[in-house]
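Note: hydrogens, waters and symmetry copies are ignored here, and every other heavy atom, side chains too, is used. In listed order, ligands and their atoms are each counted from 1.
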Amino acid sequence: MQNHDSEHERERQRVERELRESEQRLRVLINSTPDIICFKDGAGRWLEANEADLELFALTEVDYRGKTDSELADDTHPSYRQSFLACEATDEAAWEAGQLSRAEEVIERPDGVVKVYDVIKVPVFEPDGQRKGLVVLGRDITERKCFEEALQQERRFLQNVIDGIDDPILVISTEYQVLRMNRVAREITERSGSINHCAACYKLAADRQRPCNQEERPCPLHIVQETRQPCKIIRHYLAQDGSLRQYEVAASPLFDEHGEVCAIIEVSRDISEHLALLDELRERELSYAHLAQHDPLTGLPNRLLFADRLSQAIHTAHRHGRKCAVLFIDLDRFKQINDSFDHSYGDQVLTAVAERLRELFREDDTIARMGGDEFTVILNHIEHDQDAALVATKILDLFKPPFEVLDHSVFLGASVGISLYPEHGATVDDLVRNADTAMYRAKDSGRNTFQYYSRDLTARAVERVQLESSLHRALECGEFLLHYQPQLDLERGTLRGLEALVRWQPPESGLISPVTFIPLAEESGLIIPMGTWVLSEACRQMKAWFDRGLVTAEALISVNLSPKQFDQPDLVALIDRILSATGLAPSQLELEITESTVMRSVAQAGSVLHQLRELGVKVAIDDFGTGYSSLIHLKRLPLTTLKIDKTFVSDIPHDANDTAITRAVIAMAKSLSLEALAEGVETQAQCDFLIREGCPHGQGYLFSRPQNAREIEPFLRDRSRT
Ligand SMILES: Nc1nc2c(ncn2[C@@H]2O[C@@H]3COP(=O)(O)O[C@H]4[C@@H](O)[C@H](n5cnc6c(=O)[nH]c(N)nc65)O[C@@H]4COP(=O)(O)O[C@H]3[C@H]2O)c(=O)[nH]1
């Protein structure tokens, strides 16, 4: 029994020793950690705490065991009070949660140091649910918290800085993700309904489902990634009020630690106002420039701008070896109007005059008001001296109808002075002064007229202007007629055909030669209607002669075509229409075109000639030998006849040169399989020479002068018998 007791005692002592040792090991263990560890019982009384915990709460010298937090709060320095009470509250929360809970607890120490602990509380229950004990583990996170706080502060500071900028700022990752934005950018995205600030930039800024592609919408992210340099682009946005806003988007790269672009900073600035201001300034500048160079009353260029334009016109004319003209216009009777009515009435009359003048001129002509009732005009590209007179006449015609101003009909006239570059001056001042002098001469010579600075030009221009207006009348009144000159087979004396030659028979004078009026008709464009009439009349007459048996089916009617006629775009169609209308066979029509007309543009002429040949019409080269035809070109063109110019024929067979040329032309015609026809055959000697040299055809006074249709008929009758 005693043995049993002592054994029991030894066993107890061993267990006690082991327990102590285990407790010591446990204590060493829990004391070896810097974390705080505490065990409480179900009523919140401290059972055990490690050294870290005791030191934290300055409990090393306090008998803490069996005391609650509230009791310890009374036993320790008052600065701990708040921490103990807070701890008690979080203990309770852990009990109620019934499971591990975690929270940060702040402990303010008597030395003023504030510690933050990350505290885990694990409640332990009895099987019947009674509270058994609470394990409290805490880690000092004061340093981390300080670091995080500093970081937060830094972030807040930076955010405040970018929020303080009034332009929207976005930081965008290379994955298009908006990483950060400032206040303005946030407000804009909120206003536009894109609340998700972390959305992709294309969704946020452009409401797109995929990244912008460079063509539709330039992407600063792409540009910066490619160039690694900052870039600027302009973007247009429709604002909520419907106005179009323009933003300048400046993007800069953000590099990572490897030097790679990891994001961009995009700063957008609304430059709409700035641009509008620039536009306004530009417009204002333009309007100042306009005011400085224009007459405020009529809006026409003023003296200053006129001088500038004239100097340009002189320069251009000089460079291209062309002419230009200055017209100086002074209103007749304007002073009377100004004196009879008030000045504002006079102003309105001047405005009306400016309006009429403006309508008359082409875009590249300048019309200016020099002051008072004086206007000037610059005519660029004057081809002939007389062209300026035609314009002056049109200006004078402008003044024929009265000006209706404020219920009054005002009759005005004008005097026009003309100076030409380079004949009448090489500078702005010379040309204006001389046009002015000419204008005074026009006033002296009875007003409502024009004068050139040089008198002989005026005389010629007047004649030309009159001739041109008479030509118009001639066409309207049917004053043109045709003469016909026979063309013969030189050897047999039979009729080859007839050349139609136009004449003008004005009622008040004798016949006028085409040499006088054809060039003018050509210049004024009148040649087109006139030429059409000649063609129709010649074809009609030829058909009539054919129908009456005066000419054979092989006989031709030759009609001259001037360069402008040849250039008509519908020439081939016109001839086709005339042939159909008159019933003449195409093979009976021969068109005469001068060498120079064809040589201007061989390619174009070739195409027209081919079309004419396809129609069945013959084509003769007129005045052959006077131009500079290249044989190669002649060979390529579908011609039928070469007409040897009468200047060569007139001196054969005496003149050695002309004889040689005529001989060569006949030989050339043969080698090109063309028919040669000599013009201006006046003597039998000429005719014999031509026959000897093998020229098959000719025309000239030797056989017949050109005569009207009725007069030529006996010749036709005679020849058709031969
Ligand atoms: N010295 C002399 N002259 C002779 C002789 N035989 C004829 N002539 C003249 O020589 C000119 C020949 O016409 P052209 O070379 O086509 O030259 C024509 C032609 O280029 C042009 N022309 C005439 N009628 C028309 C026409 O209807 N339309 C076009 N576009 N031009 C025409 O006017 C030019 C002159 O015509 P015309 O005054 O009728 O002058 C005609 C004719 O009268 C002669 O033996 N000796």
Side-chain angles (χ1 to χ4, degrees), residues 471 474-475 478-488 490 496-505 510-542 556-568 571 574-575 578 589-598 619-627 641-652 658 662 665 676-687 689-690 695 697-709 711-712 715:
L471 261 185
L475 194 67
E479 290 170 14
F480 292 116
L481 62 125
L482 291 184
H483 275 188
Y484 298 90
Q485 185 174 40
Q487 300 171 332
L488 300 173
L490 292 178
R496 181 231 182 216
L498 298 118
E499 178 176 2
L501 294 155
V502 69
R503 302 286 180 264
W504 177 15
Q505 175 67 79
L511 271 190
I512 300 180
S513 154
V515 181
T516 319
F517 65 85
I518 291 280
L520 188 60
E522 177 80 6
E523 265 173 43
S524 64
L526 210 73
I527 193 78
I528 302 291
M530 196 190 93
T532 306
W533 176 83
V534 169
L535 267 165
S536 309
E537 176 56 17
C539 292
R540 186 202 62 76
Q541 183 61 68
M542 190 63 178
L556 305 174
I557 182 79
S558 293
V559 180
N560 290 284
L561 277 193
S562 78
K564 247 195 200 140
Q565 279 178 281
F566 189 70
D567 289 345
Q568 284 178 92
L571 176 72
L574 172 80
I575 288 170
I578 290 174
L589 176 61
E590 182 175 64
L591 299 171
E592 292 191 12
I593 297 147
T594 63
E595 217 181 332
S596 49
T597 306
V598 174
V619 183
I621 284 278
D622 203 3
D623 306 339
F624 189 75
T626 55
T641 314
L642 269 193
K643 288 190 83 175
I644 306 167
D645 192 62
K646 57 179 171 290
T647 51
F648 302 116
V649 177
S650 63
D651 288 333
I652 52 171
D658 289 350
T662 309
V665 175
L677 191 151
E679 282 183 323
V681 184
E682 292 184 357
T683 66
Q684 193 54 50
Q686 289 164 347
C687 182
F689 173 86
L690 290 164
C695 176
H697 301 119
Q699 75 184 80
Y701 296 167
L702 176 66
F703 314 112
S704 167
R705 284 183 173 264
Q707 294 177 81
N708 68 32
E711 287 165 346
I712 206 75
F715 186 95

Checklist line | With F517 via ring pair (Phe, Tyr, Trp, His ring centres under 6.0 Å) - residues at least two apart | finding: F480, W504
Next item on the list: Please answer whether the main-chain N or O of A500 pairs with a side-chain N or O of Q485 as donor and acceptor at a distance below 3.5 Å.
Entry: no
Notebook entry, point to check: Got Q699 and V681 here, is their nearest side-chain heavy-atom distance under 4.5 Å?
Noted result: no
Note to self: Taking the basic N atoms (NZ, or NE/NH1/NH2) and the acidic carboxylate oxygens, is any pair closer than 4.0 Å for E590 and R496?
What the structure shows: yes
Notebook entry, point to check: If you measure from the Lys or Arg side-chain nitrogens to the Asp or Glu carboxylate oxygens, is any gap between K643 and E499 under 4.0 Å?
Noted result: yes
Find all protein N or O atoms under 3.5 angstrom from an N or O atom of ligand 1 and list the pairs with distances, or write 'none'.
| from | atom 1 | to | atom 2 | distance (Å) |
| --- | --- | --- | --- | --- |
| ligand 1 | 1 (N) | E682 | OE2 | 3.3 |
| ligand 1 | 3 (N) | Y701 | OH | 3.4 |
| ligand 1 | 6 (N) | Q485 | OE1 | 3.4 |
| ligand 1 | 6 (N) | Q485 | NE2 | 2.8 |
| ligand 1 | 10 (O) | K646 | NZ | 3.0 |
| ligand 1 | 15 (O) | D623 | OD1 | 3.4 |
| ligand 1 | 15 (O) | E679 | OE2 | 3.2 |
| ligand 1 | 16 (O) | E499 | OE2 | 3.0 |
| ligand 1 | 16 (O) | N560 | OD1 | 2.9 |
| ligand 1 | 16 (O) | D622 | OD2 | 3.0 |
| ligand 1 | 24 (N) | V502 | N | 3.0 |
| ligand 1 | 30 (N) | Q565 | OE1 | 3.4 |
| ligand 1 | 39 (O) | R503 | NH1 | 2.9 |
| ligand 1 | 39 (O) | R503 | NH2 | 2.9 |
| ligand 1 | 45 (O) | Y701 | N | 2.9 |
| ligand 1 | 46 (N) | E682 | OE2 | 2.6 |

Checklist line | Test side chain to side chain donor-acceptor pair (under 3.5 Å) applied to Q565 and N560, step by step | finding: CA-CA 10 Å; Q565 279 178 281; N560 290 284; over 6 Å; no
